[in-house]
Amino acid sequence: MKNFIASLYWRGMIHDMVPGTAAHLNKGMATGYVGFDPSAPSLHLGNLVPIMLLKHFQEAGHKPIALVGGATGMIGDPSGRSQERVFLKEEVLRYNEASIAKQLEKFLDFSTGPNKAILLNNFDWFKDFSFLEFLRDIGKHIPVGYMMAKDSVKKRIETGISYTEFAYQLLQGYDFYHLHLHKNVTLQMGGSDQWGNLTTGVELIRKKSQSHAFAITAPLLTRSDGTKFGKTDAGTNIWLDPAQTSPYELYQFLLNSGDHEVEKLIKIFSFTKKEEVEALILTHQAKPEKRLLQQTLAKMVTTMVHSEAACRQAIICSNILFSHTASTDALYALSEEDVLRVCATIPKIHITRIALSTIDSIISLLSVATENLIMASKSEARRVITSGGIKVNKVLITDPYQKPDFILLHNRYLLVQKGKKNYYLIVVVE
RNA sequence: GGGGAGAUGCCAGAGCGGCCAAUUGGGGCGGACUGUAAAUCCGUUGCGUAAGCUUCGAAGGUUCGAAUCCUUCUCUCCCCA
């Protein structure tokens with residue numbers, strides 16, 4: 001039994017903790033859980049922190065439970081929300097639950113040892129729980145004053161909160177109690193925004209079972225600019241589903257972490273020993289321009305979330321696209337298979353050979369002929385080209401009106417680069 | 001119910017009859033520098049190769065000419081009951 005808490009402390013993963021948690025966990029194998037909200041069909045990078053809590057938990061010899069909030073998702077957690085949620089349609093919710101459950105299965109060991117992980121859905125115990133029963137059995141134990149004191153509720157009193165969302169914490173609290181009763185769960189973990197919900201559960205268990213339960217929250221990750229971690233600059237989530245966010249994008253996102261945040265991230269997202277991580281950080285600080293930590297982080301996380309093969313692909317792709325030494329010649333030297341591999345994760349735009357042959361200028365090619373996916377208008381295309389922002393097959397385009405009679409890669413492909421980081425592959429079809 | 005203020009480009013916010021495709025800031029995009037960083041700097045930011053075209057809540061009107069004036073409508077905010 002490794003010292004789970006000490007390790008979490010060092011990794012910077014503890015924001016708050018119920019007193020006595022450490023002592024309790026040191027007594028032997030404990031069972032703990034984390035809940036996941038099925039409000040989207042995929043988990044995102046932000047969810048990876050609580051997933052890591054469970055992984056570290058299991059790694060330390062404890063038994064993890066991943067709980068999908070099929071029931072709580074029907075209500076909506078007011079935590080961190082300034083406005084009432086809009087309900088999801090039930091079939092959407094069920095679909096989301098299933099795909100999230102599938103994702104969770106990747107991260108934990110569900111098959112071996114006494115501490116193998118379990119996956120549960122709280123819809124299973126809420127679906128037959130009547131309202132009257134709930135009020136008599138659960139509601140009676142928690143005073144309204146206690147519920148009102150929670151941040152998630154307090155912040156919403158002025159602007160408005162429905163009874164439904166107000167009651168949310170009781171549902172999550174009941175989950176904890178239910179798991180305590182039936183699965184011997186004594187610990188709930190989550191992001192720091194979950195603190196109020198976790199303590200309601202602890203309280204409920206104390207009142208109803210006269211026993212102690214414990215809770216740990218991890219700090220919510222923020223980027224250096226204070227915004228939530230795990231979102232692109234455009235504000236979209238980095239999803240764990242490769243169909244929504246490609247391994248290459250995930251790799252690139254992590255590779256671009258700032259020097260300061262990367263030190264925090266590597267501790268959270270690795271299982272590497274303390275001494276090794278600290279040595280790595282020192283090496284990094286000596287030569288930050290090598291971006292050793294960023295590369296290590298990107299590699300580890302991409303491998304964990306997707307696979308070693310997907311990660312390798314992302315690296316190869318990154319090298320070809322970004323390397324200063326990768327020239328036009330290198331690009332033309334690639335086999336067709338390699339071209340497709342390198343471009344596996346960048347947007348592809350199809351155009352017929354006939355259409356291509358009739359296009360009068362590179363401007364048209366990049367805007368109207370490609371459905372304005374690369375450029376929103378001809379004007380924009382002209383502006384960007386004029387300011388030197390377009391490369392085709394790695395060659396800088398200077399004349400906006402030149403005919404797009406480039407030598408196609410393998411007689412089929414054009415690699416268009418807009419700015420430094422945006423790539424598109426134009427595929428010629430017959 | 002009574003009184004007042006307002007609706008301008010992605011956002012904030014000027015403009016109040018021609019010099020307005022619309023000041024400025026933020027954001028976005030592109031470039032330079034660099035470590036595919038941060039900071040900084042430069043350019044650009046309705047459509048159109050151009051002539052020109054369509055924009056300032058909506059619809060009408062006045063005028064040689066309107067984002068700017070008038071009428072009606074829609075919506076938002078504030079104050080008093």
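Every chain is numbered from 1 and lettered A, B, ... according to where its sequence line falls, protein lines coming before strand lines.
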Closest to the A:Arg383 side chain: B:G35, B:G30, B:C47? B:C47

Looking only at the side chain of A:Glu289 (C-beta and beyond, no hydrogens), which of the listed nucleotides B:U36, B:G30, B:G35 gets closest? B:G35

Pick base, sugar-phosphate or nothing for A:Lys418, based on heavy-atom distances below 4.0 Å to the nucleic acid. sugar-phosphate

Can you tell which of B:U36, B:G30, B:G31 lies closest to the side chain of A:Lys420? B:G31

Mind listing the closest non-hydrogen atom pair of A:Ser364 and A:Lys378 along with its distance? OG-CE, 3.7 Å

Between B:C33 and B:G52 - P atom distance, rounded Å: 40 Å

Heavy atoms from C-beta onward define the side chain here; which of B:G35, B:G31, B:G30 lies closest to that of A:Pro288? B:G35

Closest nucleotide among B:U36, B:C47, B:G30 to the A:Ser377 side chain: B:C47

Side-chain contact check for A:Asp259: nearest option of B:G30, B:A37, B:C47 is B:A37

In whole angstrom, give me the gap between the P atoms of B:C56 and B:G46. 15 Å

Which whole number of Å gives the distance between the C1' atom of B:C16 and that of B:U49? 36 Å

Taking the P atom in each of B:C47 and B:U55, what is the distance between them to the nearest angstrom? 15 Å

So which atom in A:Asn393 and which in A:Ile407 form the shortest heavy-atom distance, rounded to 0.1 Å? ND2-O, 3.2 Å

Using atom C1' in both nucleotides, what's the gap between B:U54 and B:A5 to the nearest angstrom? 31 Å

Give me the distance, rounded to whole Å, that separates B:C70 from B:U63 when you measure between the P atoms they each carry. 15 Å

Indicate, with a heavy-atom threshold strictly under 4.0 Å, whether A:Ile390 touches base, sugar-phosphate, or nothing. nothing

C1'-based separation of B:A67 from B:C19 [nearest Å]: 16 Å

Could you pull out the closest heavy-atom pair between A:Thr217 and A:Gly191, with the gap in Å? CG2-O, 3.5 Å

Check every strand shown and say whether A:Asp360 touches a base, only sugar-phosphate, or nothing at a heavy-atom separation below 4.0 Å. nothing

Base, sugar-phosphate, or nothing for A:Ser361, non-hydrogen atoms under 4.0 angstrom? nothing

Could you tell me if A:Tyr413 and A:Glu336 have a donor-acceptor pair between their side chains, going purely by distance under 3.5 Å? yes

Can you tell me which stems RNA chain B forms, taking runs of 3 or more consecutive Watson-Crick or G-U pairs with both distances under 3.5 Å? B:1-7 with B:74-80, B:10-12 with B:24-26, B:27-32 with B:40-45, B:57-61 with B:69-73

Nearest-angstrom distance, P atom, B:G27 to B:A38: 13 Å

Can you tell which of B:G30, B:U49, B:U45 lies closest to the side chain of A:Arg382? B:U49

